[in-house]
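Here is the structure we will look at.
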Amino acid sequence: MSDTADKKYPLEKIRNIGIIAHIDAGKTTTTERILYYTGKSHKIGDIDEGNTQMDWMAQEKERGITIQSAATTCFWKDHRINIIDTPGHVDFTAEVERSLRVLDGGVIVLDGSQGVEPQSETVFRQAQKYDVPLLFFVNKLDKVGGDFFMSVNSVAEKLTKKGVAVQIPIGIENGFEAVIDLIEMKAYKFEGSGGEKVEEFDIPQDYLEDAKKYRSILVERVAESDDSLIEKYLNGGELTIEEIKKAIRKMTVKAELYPIFCGASLSNKGVQKVLDGVIEYLPSPKDTPDIKGINSNTGEEVSLSSDIDGPLAALAFKIQTDPYVGRLTYIRVYSGKITAGSYVYNSTTGKKERLGRILLMHANHREEIKEVLAGEIAAGVGLEATTGDTLCNEEHKILLDKISFAEPVIGIVIEPKTKADRDKMSQVIKKFLEEDPTLQIKTNIETGQTLLYGMGELHLDIIVDRMRREFNLEINTGKPQVAYRETIRKVVEQEGKYIRQSGGRGQYGHVYLKVEPLERGEGLKFVDKIVGGSIPREYIPAVEKGIKEAAESGVIAGYPLVDFQVTLFDGSFHEVDSSEMAFKMAAIEAMRAAQTAADTFLLEPIMKVEVITPEEFMGDVIGNLSSKRGKIESTEQKGNARIILGKVPLAEMFGYATELRGMTQGRASFVMEPSHYEEVPSNIAQTLAKDSIRH
């Protein structure tokens with residue numbers, strides 16, 4: 001295998017793709033089939049048996065879900081495909097976010113009996129945010145309720161009108177046996193113990209009419225991509241297979257079209273054709289737009305193409321602690337190349353770093369390589385870079401866009417069981433914070449308690465479980481807590497003075513701040529409007545630092561202050577006594593007073609909740625959600641089940657899984673994800689404020 005890995009593939013023969021989907025749509029099963037057909041593994045892994053290659057963590061095997069995105073490289077029809085198998089559970093969307101940031105294309109897997117599900121919508125929106133071209137793979141068509149055409153319609157209704165079938169199935173549910181290729185107008189079945197023998201045959205007479213109908217929809221859509229094709233089409237000319245494929249590729253690369261494939265990974269049907277689609281329609285690094293960044297010396301925008309001989313530009317997109325080689329930094333190289341043993345410049349931190357070794361990852365197995373070129377993904381050993389850092393040459397400094405992550409919404413108190421575990425705990429937490437940008441740690445000064453914040457109960461469960469297993473760390477945990485926020489209602493101007501005289505040199509800092517509210521989700525903005533040197537330039541960063549520090553705990557209940565803008569518009573200084581520390585303290589003082597004057601109030605995270613329940617329990621479920629301050633937004637029918645969509649405060653949703661099981665005899669299920677922050681009703685806000693005083 002190493003000779004294949006060492007073989008240099010031209011950029012046009014490389015594909016960087018992600019497999020993304022709602023939980024349980026069959027992403028990992030599909031990836032296992034890909035590895036089997038590309039010769040990467042000699043046995044197909046099975047999630048139920050816990051022997052898949054991509055879900056290698058103990059927690060993944062036990063729960064049958066993907067937690068960490070796993071990277072692998074495989075080879076198909078003289079192309080190199082770098083694949084990232086991402087998690088489907090909403091608590092791990094950060095893994096999807098960072099993977100999509102560095103990928104050129106993706107395959108969205110849909111459960112053919114469900115069509116588009118809530119998390120399918122989330123991952124589709126994430127892909128759109130980064131303009132990632134996609135294919136759809138309607139999986140599980142061999143399952144009861146598997147319906148390809150319902151799934152295609154749900155793509156049009158819930159995601160995009162740009163989806164178009166390039167295949168249709170032969171047979172439904174357990175009678176599903178083959179696929180029809182609408183471009184070549186041929187049928188394919190998958191024989192052999194693992195479906196490895198792809199056999200072509202003529203389309204059965206019963207399916208010919210349908211195949212012609214769906215082919216004409218496809219041809220009409222792709223003809224729009226080119227004036228000469230539309231002219232040929234309108235004049236009644238027949239488009240050739242070559243013309244259709246070329247047009248699909250052109251439109252897919254621009255995200256103007258999403259080809260839809262069909263199959264059933266578990267029964268080994270259709271996966272090879274999806275691999276063909278990846279090669280034929282998804283972009284190579286050459287087809288992607290130039291990467292844009294900022295020259296960190298001049299501040300000017302720079303754009304670089306995928307060129308092996310160009311200046312180095314690479315992004316660290318994931319940190320992982322490997323039990324055998326230590327800290328791994330996953331990197332995507334956009335331009336130039338990186339060689340093992342060489343020095344690189346981290347333009348995010350301004351430091352030089354040495355890259356010891358380069359590894360080609362295959363889930364948790366690794367293979368050493370000498371260099372990584374433009375368009376490729378690999379893992380580096382020895383780097384100090386963290387998620388979102390840019391690596392480049394010192395003579396060609398460039399800063400690429402960082403990756404943005406959602407704020408955590410839920411926290412738990414964690415305490416070491418013994419004194420010996422205390423120091424160990426802080427080291428372990430440091431490792432986890434490096435790996436996972438959606439984790440946050442806070443220490444309550446008054447109580448000395450450590451709070452770990454994450455994206456959901458499962459997210460925190462897994463982290464605590466990993467602390468125990470991987471690091472033998474014994475810890476106690478408190479019950480989950482909501483990550484409330486504080487914000488302001490009014491615009492205020494506030495003076496802040498920090499003047500101390502204690503013999504010898506004193507301290508003098510003096511600022512005037514204007515504090516005003518912003519829209520939800522806008523965070524904290526600092527504006528410097530100092531003119532005429534009333535505060536020397538070197539003290540302004542200290543003022544900003546003081547503002548940020550003051551915003552870490554609000555005046556109502558000590559939660560972080562968000563969604564406000566602070567303008568520094570005046571102040572004064574002392575030639576001898578002024579210092580950075582004095583200006584920082586003056587800013588903190590002004591902010592404390594401003595928060596009290598600006599009518600501060602509490603915000604709470606609101607979750608988007610989707611419950612799927614048998615019809616007879618619908619009234620109970622809706623009544624229960626309403627009693628939790630929930631707002632029901634819509635209900636829809638899917639077969640015999642009802643889907644209830646609503647928004648509910650997170651504070652009301654703890655223990656909901658048990659409650660829902662009891663209410664529906666265990667027949668309902670639900671998913672939830674963070675939606676937005678909203679003002680806490682005054683009676684609840686008063687209780688929270690009192691609780692914070694007691695603690």
Side-chain angles (χ1 to χ4, degrees), residues 19 21-22 24-34 36-37 44-49 64 107-117 120 135-157 163-218 259-277 612 614 637-641:
I19 312 277
H22 184 91
D24 270 351
K27 283 179 318 305
T28 301
T29 306
T30 303
T31 311
E32 291 297 323
R33 295 320 181 262
I34 288 172
Y36 178 66
Y37 299 133
I44 296 177
D46 187 301
I47 289 172
D48 296 331
E49 288 176 23
V107 176
I108 289 194
V109 183
L110 300 178
D111 178 333
S113 68
Q114 302 298 321
V116 172
E117 297 176 88
S120 326
L135 310 177
F136 282 91
F137 175 47
V138 179
N139 186 26
K140 300 195 175 185
L141 289 178
D142 54 347
K143 181 178 160 183
V144 173
D147 184 338
F148 178 70
F149 301 104
M150 173 277 290
S151 298
V152 171
N153 289 338
S154 76
V155 169
E157 284 163 20
V164 64
V166 292
Q167 297 177 336
I168 59 169
I170 292 179
I172 59 165
E173 298 180 345
N174 58 7
F176 169 61
E177 58 185 51
V179 303
I180 293 169
D181 184 318
L182 298 173
I183 303 162
E184 295 176 352
M185 286 302 271
K186 289 281 178 198
Y188 294 92
K189 57 183 174 187
F190 306 86
E191 302 289 0
S193 59
E196 61 278 355
K197 293 184 190 134
V198 183
E199 292 181 8
E200 183 186 297
F201 62 102
D202 290 335
I203 298 170
Q205 209 55 41
D206 312 359
Y207 286 89
L208 209 47
E209 208 50 52
D210 268 356
K212 284 177 181 168
K213 173 185 154 190
Y214 285 100
R215 187 180 204 266
S216 69
I217 294 170
L218 169 65
I260 305 175
F261 291 76
C262 60
S265 299
L266 197 59
S267 54
N268 310 316
K269 294 182 176 79
V271 176
Q272 295 97 318
K273 286 290 166 190
V274 176
L275 272 171
D276 290 345
I612 301 171
Q637 192 131 10
K638 192 178 264 185
N640 298 326

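Since the model is a prediction, treat every value here as computed from it, not as a measurement.
Within the 4.5 Å cutoff, side-chain heavy atoms of Phe149 are placed close to those of Pro169. Side-chain atoms of Asn139 and Thr30, non-hydrogen and from C-beta on, do get closer than 4.5 Å to each other.
Every residue two or more places apart in sequence or in another chain that forms a side chain to side chain contact (heavy atoms under 4.5 Å, CB included) with Val179 is listed here: Gln167, Phe176, Tyr188, Phe190, Cys262. The side chain to side chain contact (heavy atoms under 4.5 Å, CB included) check on Glu196 picks up Tyr36, Tyr37, Ser193, with sequence neighbours excluded. By the side chain to side chain contact (heavy atoms under 4.5 Å, CB included) test, Asp276 pairs with Trp76, Lys77, Lys273, Glu280, sequence neighbours left out. Remark: Ser154 engages Val116 in a side chain to side chain contact (heavy atoms under 4.5 Å, CB included) (not counting sequence neighbours). The side chain to side chain donor-acceptor pair (under 3.5 Å) search around Ser120 returns none, not counting sequence neighbours.
Counting only distance, with no hydrogens or angles, the side chain of Arg33 and the backbone of Asn268 share no donor-acceptor pair below 3.5 Å. In terms of modelled atom types and a separation under 3.5 Å, the side chain of Glu173 and the main chain of Val144 share no donor-acceptor contact. Listed for the Gln272 side chain is a donor-acceptor partner under 3.5 Å among the backbone atoms of Gly195.
Here the closest heavy-atom approach between residue Ala25 and residue Lys140 is recorded as O-CE, 3.7 Å. Smallest separation of non-hydrogen atoms from Gly277 and Phe261: CA-CZ, 3.7 Å. The heavy-atom pair separating Ser151 from Gly112 by the smallest distance is OG-O, 3.3 Å.
No side-chain donor from either of Ser265 and Thr29 sits under 3.5 Å from a side-chain acceptor of the other.
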So Leu141 and Ile172, side chain to side chain contact (heavy atoms under 4.5 Å, CB included) or not? Walk me through it. CA-CA 7 Å; Leu141 289 178; Ile172 59 165; over 6 Å; no
Under 3.5 Å, side-chain donor or acceptor atoms of residues 202-218 against the rest of the protein: list the pairs with distances, not counting sequence neighbours.
{"unit_1": "Asp202", "atom_1": "OD1", "unit_2": "Lys186", "atom_2": "NZ", "d": "3.4"}
{"unit_1": "Tyr207", "atom_1": "OH", "unit_2": "Gly171", "atom_2": "N", "d": "3.0"}
{"unit_1": "Arg215", "atom_1": "NE", "unit_2": "Leu182", "atom_2": "O", "d": "2.8"}
{"unit_1": "Arg215", "atom_1": "NH1", "unit_2": "Glu238", "atom_2": "OE2", "d": "3.2"}
{"unit_1": "Arg215", "atom_1": "NH2", "unit_2": "Ile183", "atom_2": "O", "d": "2.9"}
{"unit_1": "Ser216", "atom_1": "OG", "unit_2": "Lys213", "atom_2": "O", "d": "2.8"}

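In summary, of the residues considered (Leu135, Ile19, Val274), a side-chain contact (heavy atoms from CB on, under 4.5 Å) with Val109 occurs for Ile19 alone.
Within 6.0 Å of atom CG in Asn153, more than 12 heavy atoms from other residues, nucleotides or ligands are found, so the atom counts as buried in its surroundings.
Within the model, atoms CD1 of Ile260 and CG of Leu110 stand 8.0 Å from one another, a figure rounded to the nearest 0.5 Å.
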